[in-house]
**Student:** 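This is the structure I want to talk about, given as structure tokens.
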Amino acid sequence: MGKIIAVANQKGGVGKTTTAINLAASLAALEYKTLLVDADPQANATSGLGFDPATITTSIYECMVEDVKVEDIILQSPNIEYLDLIPSHIDLVGAEVEMIDIPNREEKMREALKPLRDKYDYIIIDCSPSLGLITVNSLTAADSVVIPVQCEYFALEGLGKLLNTIKIIQSRLNTELAIEGILLTMYDVRLRLSNQVVEEVKTHFQQMVFDTIIPRNVKLSESPSFGIPALLHDAESKGALSYLNLAREIAEKNSVVLAK
């Protein structure tokens, strides 16, 4: 049975979608069958894998609101053999309003993804930058959550709120939800501030922090404009290698024998 990992932080600009895309691509490069679920109305994960959100007619939105079969909307990555995508589009914004009167509305994504658990080794969910109903759905569907935290001054701002939301979901909706780890992103070795944030986060959260730290890297910033993960844009870049290390760290942590 595959593992479902949500990538979540209600704070924008922390490298959440970059992490979802590149973690999924790296797991696929290690020959794990991987599915990336774009649960963000901005659809950046969809475009980041080379698909035009304007041409998407059926997305995760229809699976949650209209009970469309999830198997019917999976797109295969044109560039990476073991990577598939469930796309998003702007209509997902309306899902929160449309789902208000639906029974068990917090569990619609879990129900939608259930048939896919046996078909993938990893399912990565790119959450929207909010703590709204779609993010609650994503966390309810997930086995664990990766929390990207930017190595900047306001790094810990809002982290307590997210951890509190996770506790509420653990107590009411998904008792099995675990924190996969806190991922430090946008690290600049030249800045004293970056090093201070790393120390502060590691002091507060200790074993919850991944060993892998994602650096500020121009190749990570450029690759979405080409519609490809950093691994395909420049496999030797520090950004691509860091996400490959993260994928290995997660695989080893979950006691999965590496495919290579």
**Student:** For Thr17 and Asn44, does a side-chain donor sit closer than 3.5 Å to a side-chain acceptor?
**Tutor:**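 Thr17 vs Asn44: no donor-acceptor pair found between side chains.
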**Student:** Has Arg172 got more than 12 heavy atoms of other residues, nucleotides or ligands less than 6.0 Å from its CZ?
**Tutor:**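 No - once you tally the heavy atoms of other residues, nucleotides and ligands closer than 6.0 Å, there are 12 at most.
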**Student:** In terms of heavy-atom contacts, does CD of Glu66 have more than 12 from other residues, nucleotides or ligands at under 6.0 Å?
**Tutor:**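 Enclosed: over 12 neighbouring heavy atoms sit under 6.0 Å from CD of Glu66.
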**Student:** Any chance the side chains of Thr19 and Tyr243 put a donor and an acceptor closer than 3.5 Å?
**Tutor:**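 Checked: Thr19/Tyr243 side chains pair up, N/O donor to acceptor below 3.5 Å.
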**Student:** By the ring pair (Phe, Tyr, Trp, His ring centres under 6.0 Å) test, which pairs, at least two apart or in different chains, include something from residues 194-229?
**Tutor:**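 Counting only pairs at least two positions apart or across chains, the ring pair (Phe, Tyr, Trp, His ring centres under 6.0 Å) contacts touching residues 194-229 are Phe226-His233.
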**Student:** Within a 6.0 Å radius of atom CG on Asp101, are there more than 12 heavy atoms belonging to other residues, nucleotides or ligands?
**Tutor:**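 No, because the 6.0 Å sphere around CG of Asp101 holds 12 heavy atoms or fewer from other groups.
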**Student:** For atom NZ of Lys33, decide whether the heavy atoms of other residues, nucleotides or ligands shown that lie under 6.0 angstrom number more than 12.
**Tutor:**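 Atom NZ in Lys33 is crowded, with more than 12 foreign heavy atoms closer than 6.0 Å.
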**Student:** Cut-off 3.5 Å, side chains only: do Asp121 and Tyr82 have a donor facing an acceptor?
**Tutor:**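 Their side chains do not contain a donor-acceptor pair, so the 3.5 Å distance test is not met.
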**Student:** I'd like to know if the side chain of Glu180 pairs up with that of Asn254 as donor and acceptor (distance under 3.5 Å, no hydrogens or angles considered).
**Tutor:**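 The answer is yes; a qualifying pair exists.
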**Student:** Looking only at side chains, do Ser59 and Glu62 share a donor and an acceptor under 3.5 Å apart?
**Tutor:**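 Indeed, the side chains of Ser59 and Glu62 share at least one donor-acceptor pair under 3.5 Å.
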**Student:** Aromatic rings Tyr61 and His89: how do their planes relate, parallel, tilted or perpendicular, breaks at 30° and 60°?
**Tutor:**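 Tilted.
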**Student:** Exactly one of Thr212, Val14, Val201 should register a side-chain contact (heavy atoms from CB on, under 4.5 Å) with Leu184. Which one does?
**Tutor:**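 Output: one option passes, namely Val201.
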**Student:** Establish, from distance only, whether the side-chain atoms of Thr140 and Glu107 form a donor-acceptor pair under 3.5 Å.
**Tutor:**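 Not at all, the side chains of Thr140 and Glu107 share no donor-acceptor pair under 3.5 Å.
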